[in-house]
Amino acid sequence: MRRTRRMIQEALVALILEKGYDAVSVTDIIDRADVGRSTFYAHFSSKQEVLLSNVDELAFLHRAPAGASGRLFAFSLPMFEHVREQERLVRALLGRRGGGPVHARGEQLLAGLVREELLAAGARASAALDLLVVCVVGAFMALLRAWVDGQTTASPAELDAAFRAAVEPGVRAVLSQE
């Protein structure tokens, strides 16, 4: 069962890299994975479900925030490093050829991590916190997409430094007002 699911997921990733998510059909996935239609539907209800199952397997989006360390955004460098390790999968899912549902799901998962970390750092749940989370997630995802789409050759450490330089001063200013 797991092997078949994995074959279907890998087929979708390969097809996205070749021709983009929107151009891929369930029939394409079935042919690439060399499984029958009934087998595909025994595991997934649609190509979008296959896509989102790949996102849910990106472990870096589920890591607990290390707010206890006192360092803001402790998730950043480990996430960029994991992206480098999972380059092919992340390029297919979050790159320009990936699907919109993936971007939304990735941002949703990351927003949960950021919100938890900011609350652990002393922020209060508020509309201002919600806006701050949107800004932080937007900055992180913009750097991630730029790297995945080949717009930068920065290392994970360089991406982390750029992310921190862009967001930490503003976040610290907001937290000091809490």
Side-chain angles (χ1 to χ4, degrees), residues 2-3 5-18 20-21 48-123 129-130 132-175:
R2 283 187 185 167
R3 184 175 176 276
R5 283 181 64 85
R6 173 64 40 216
M7 287 173 24
I8 293 168
Q9 290 170 313
E10 289 174 1
L12 178 60
V13 168
L15 289 163
I16 289 171
L17 290 170
E18 286 173 21
Y21 175 75
Q48 183 172 327
E49 187 179 342
V50 179
L51 184 70
L52 295 177
S53 74
N54 274 311
V55 173
D56 289 341
E57 290 190 13
L58 289 174
F60 72 86
L61 290 172
H62 298 285
R63 292 194 178 144
S69 71
R71 185 171 187 226
L72 279 176
F73 312 121
F75 65 83
S76 177
L77 181 58
M79 281 190 186
F80 285 126
E81 289 171 340
H82 188 71
V83 165
R84 183 176 59 192
E85 292 167 11
Q86 299 291 323
E87 179 181 350
R88 184 171 185 266
L89 176 59
V90 174
R91 181 174 288 124
L93 298 178
L94 297 177
R96 68 178 75 110
R97 292 180 158 267
V102 171
H103 298 159
R105 178 74 174 140
E107 288 174 359
Q108 177 187 34
L109 293 169
L110 185 57
L113 285 177
V114 169
R115 180 175 274 96
E116 286 176 34
E117 189 165 317
L118 291 175
L119 289 170
L129 175 64
D130 294 342
L132 188 59
V133 168
V134 169
C135 291
V136 171
V137 169
F140 187 88
M141 294 301 286
L143 284 169
L144 181 61
R145 282 191 198 110
W147 182 82
V148 165
D149 286 338
Q151 297 170 3
T152 180
T153 59
S155 70
E158 291 167 328
L159 292 168
D160 177 62
F163 170 69
R164 291 175 180 287
V167 300
E168 275 192 25
V171 169
R172 291 202 183 282
V174 170
L175 289 175

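Since this is a predicted model, take the numbers as computed values, not measurements. All residue numbers refer to positions in the sequence shown, counting from 1.
Put simply, CD1 on Ile8 and CG on Leu12 are 10.0 Å apart, with the number rounded to the nearest 0.5 Å. Note: Phe140 CZ to Glu107 CD = 11.5 Å, rounded to the nearest 0.5 Å. Atom CG of residue Leu51 and atom OH of residue Tyr21 lie 5.0 Å apart, to the nearest 0.5 angstrom. For the atom pair CZ of Phe80 and CZ of Phe163, the computed distance is 7.0 Å after rounding to the nearest 0.5 Å.
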**Asked** Thr152 and Leu159: side-chain contact (heavy atoms from CB on, under 4.5 Å), yes or no, with the steps?
**Response** CA-CA 9 Å; Thr152 180; Leu159 292 168; 4.3 Å; yes
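For the pair Phe75 and Val114, the tightest heavy-atom approach, listed with the atom from each and the gap, is CZ-CG2, 3.7 Å. In terms of heavy-atom proximity, Ala139 sits nearest to Val167 at CB-CG1, 3.6 Å. The two residues Trp147 and Glu87 come nearest to each other via the heavy atoms CH2-CG, 3.8 Å. Here the closest non-hydrogen pair linking Leu72 and Ala121 is CD2-CB, 4.1 Å. Considering all non-hydrogen atoms of both residues, Glu117 and Ala74 come closest at OE2-N, 3.3 Å. The shortest non-hydrogen separation linking Leu118 to Leu175 is O-CD2, 4.3 Å.
In this structure Glu10 satisfies the side-chain hydrogen bond (donor to acceptor under 3.5 Å, both in side chains) test with no other residue, sequence neighbours excluded. For the side-chain hydrogen bond (donor to acceptor under 3.5 Å, both in side chains) test, no residue two or more places apart in sequence or in another chain qualifies with Glu81.
Taking the side chain as every heavy atom from C-beta outward, Arg115 and Asp130 approach each other to under 4.5 Å. Leu129 places a side-chain heavy atom less than 4.5 Å from the side chain of Leu119. At least one side-chain heavy atom of Met141 sits less than 4.5 Å from a side-chain heavy atom of Leu144. In this structure, Met79 and Leu113 have side chains that are in contact, with non-hydrogen atoms separated by less than 4.5 Å.
Identified under the salt bridge (Lys or Arg N to Asp or Glu O under 4.0 Å) test for residues 151-163, with sequence neighbours left out: Arg71-Asp160, Asp160-Arg164.
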